[in-house]
Amino acid sequence: MMRKTLLLSALLVPLASMGMAAGEEKPKDKKTSKNCWGARVWDETARRCVKPKESGFSDEQLYDAVRDLAYAGRFADAQGVLDAMSDQDDYRVLTYRGFTTRRLGDIELANAYYRQAIKVNPNGFLARSYMGQGFAEAGDKVAAVEQLREIQARGGAGTWAEQSLIAAIETGKGYNF
């Protein structure tokens, strides 16, 4: 009996310590802007959520927060962060304005933003893809394919923008984060 107890102890101690080690190594969830309430951004230095205009963040940092919020489905909050960016005519600002506006249901205004983005950057694959996805969702496959052809003609074959638009044309559903 004692031999069985020693054997069992010898087996359980390493297993228990492995469990503790695994628990200690588990990464903590990284806080991001999607953890913030409203149109606020996570400030890693301050360790709290702050208003984007008061953050002192660069446009690049704000852009990351916009993507974070948009991918979390918080489109109005993402637009609030877009408002804080210094260049409202920037291709990425216009593209994400279009994306968030489309997701909020205003297709006409979204397409106006996409067209502005494409005017700023005719080779902008992302704006073309998102606009094409909106066309596919609305059942206008001809317009969606037109954007797909533009992406391909401008060197975007094999990109995420092309692949997600192809999927939208096939399924009638745009990319949803």
Side-chain angles (χ1 to χ4, degrees), residues 27 29-42 49 52-53 55 57-177:
D29 287 337
K30 183 179 178 205
K31 285 207 175 203
T32 64
S33 295
K34 69 181 177 188
N35 299 107
C36 297
W37 176 83
R40 295 180 183 253
V41 295
W42 176 252
C49 298
K53 288 185 179 182
S55 69
F57 282 6
S58 68
D59 278 357
E60 193 64 36
Q61 290 169 302
L62 291 173
Y63 178 71
D64 288 342
V66 167
R67 289 184 63 207
D68 197 28
L69 292 167
Y71 292 0
R74 295 177 46 201
F75 309 118
D77 292 338
Q79 288 181 344
V81 177
L82 284 168
D83 291 341
M85 295 181 77
S86 66
D87 184 359
Q88 293 296 303
D89 293 322
D90 178 80
Y91 168 77
R92 294 182 307 174
V93 171
L94 294 168
T95 297
Y96 268 88
R97 267 227 199 265
F99 177 80
T100 55
T101 300
R102 179 169 59 91
R103 288 296 184 203
L104 288 169
D106 191 339
I107 307 302
E108 190 174 315
L109 182 57
N111 286 338
Y113 284 123
Y114 293 138
R115 285 186 189 95
Q116 282 181 280
I118 291 167
K119 187 175 180 182
V120 169
N121 179 3
N123 293 324
F125 305 145
L126 192 58
R128 290 183 181 281
S129 179
Y130 285 153
M131 186 164 66
Q133 289 175 48
F135 291 144
E137 289 172 343
D140 189 349
K141 287 189 177 187
V142 171
V145 168
E146 181 180 316
Q147 290 307 312
L148 176 62
R149 288 187 179 137
E150 284 292 327
I151 290 169
Q152 293 166 337
R154 295 171 182 277
T159 63
W160 177 90
E162 179 203 41
Q163 296 305 310
S164 60
L165 181 49
I166 289 170
I169 292 167
E170 291 173 352
T171 65
K173 294 180 183 177
Y175 192 79
N176 198 0
F177 306 96

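All figures in this text were calculated on a predicted structure; none of them were measured in a lab.
Within the model, atoms CG of Asp140 and CD1 of Ile169 stand 10.5 Å from one another, a figure rounded to the nearest 0.5 Å. Taken from OG1 in Thr171 to CD in Glu137, the straight-line distance is 8.5 Å, to the nearest 0.5 Å. The line from CG of Leu62 to CD of Glu60 is 9.5 Å long, rounded to the nearest 0.5 Å. The CG atom of Asp83 sits 6.0 Å away from the CD atom of Gln88 when rounded to the nearest 0.5 Å. Interatomic distance, Leu126 CG to Tyr91 OH, rounded to the nearest 0.5 Å: 5.0 Å.
Between Tyr63 and Tyr96, the ring-plane angle classifies as perpendicular under the 30° and 60° cut-offs. Relative orientation of the Tyr130 and Phe99 rings is tilted, given thresholds of 30° and 60° on the angle between their planes.
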- Should Phe135 and Asn111 be marked as a side-chain contact (heavy atoms from CB on, under 4.5 Å) after you check the CA-CA gap, both sets of side-chain angles, and the distance that decides it? CA-CA 9 Å; Phe135 291 144; Asn111 286 338; 3.6 Å; yes
- Task: Test side-chain contact (heavy atoms from CB on, under 4.5 Å) on Tyr114 and Arg102 and set out the steps.
- Result: CA-CA 10 Å; Tyr114 293 138; Arg102 179 169 59 91; 3.1 Å; yes
- Could you go through the side-chain contact (heavy atoms from CB on, under 4.5 Å) check for Gln116 and Arg97 one step at a time? CA-CA 10 Å; Gln116 282 181 280; Arg97 267 227 199 265; over 6 Å; no
- Message: Ile118 vs Met131, test: side-chain contact (heavy atoms from CB on, under 4.5 Å). Steps then yes/no.
- Response: CA-CA 10 Å; Ile118 291 167; Met131 186 164 66; 3.6 Å; yes
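A donor-acceptor pair is defined here as one N or O able to donate and one able to accept, closer than 3.5 Å; no such pair exists between the side chain of Tyr113 and the backbone of Thr100. In terms of modelled atom types and a separation under 3.5 Å, the side chain of Arg128 and the main chain of Pro122 share a donor-acceptor contact. Using a distance-only test at 3.5 Å, with no hydrogens or angles considered, no donor-acceptor pair links the side chain of Glu150 to the main chain of Phe125. The backbone N or O of Pro52 sits less than 3.5 Å from a side-chain atom of Ser55, completing a donor-acceptor pair. Not a single donor-acceptor pair under 3.5 Å links the side chain of Asn123 to the backbone N or O of Arg154. A donor-acceptor pair is defined here as one N or O able to donate and one able to accept, closer than 3.5 Å; no such pair exists between the side chain of Gln133 and the backbone of Ala168.
Considering every non-hydrogen atom in both Ala161 and Ser164, the closest pair reads O-OG, 3.3 Å. Nearest approach of Ser129 to Ile151, heavy atoms of both residues: N-CD1, 3.7 Å. The minimum heavy-atom distance linking Ala144 with Leu165 is given by the pair O-CD2, 3.7 Å. Across every non-hydrogen atom of Thr95 and Ala117, the tightest pair is OG1-CB, 3.5 Å.
Contact annotation: the side chain of Asp87 never approaches that of Val93 to less than 4.5 Å [non-hydrogen atoms, C-beta and beyond]. At a threshold of 4.5 Å between non-hydrogen side-chain atoms, the residues Glu162 and Ile166 count as touching. The shortest distance between side-chain heavy atoms of Asp90 and Asp59 does not fall below 4.5 Å.
Using a 3.5 Å distance cut-off with no hydrogens or angles, the side chains of Gln79 and Thr101 do pair a donor with an acceptor.
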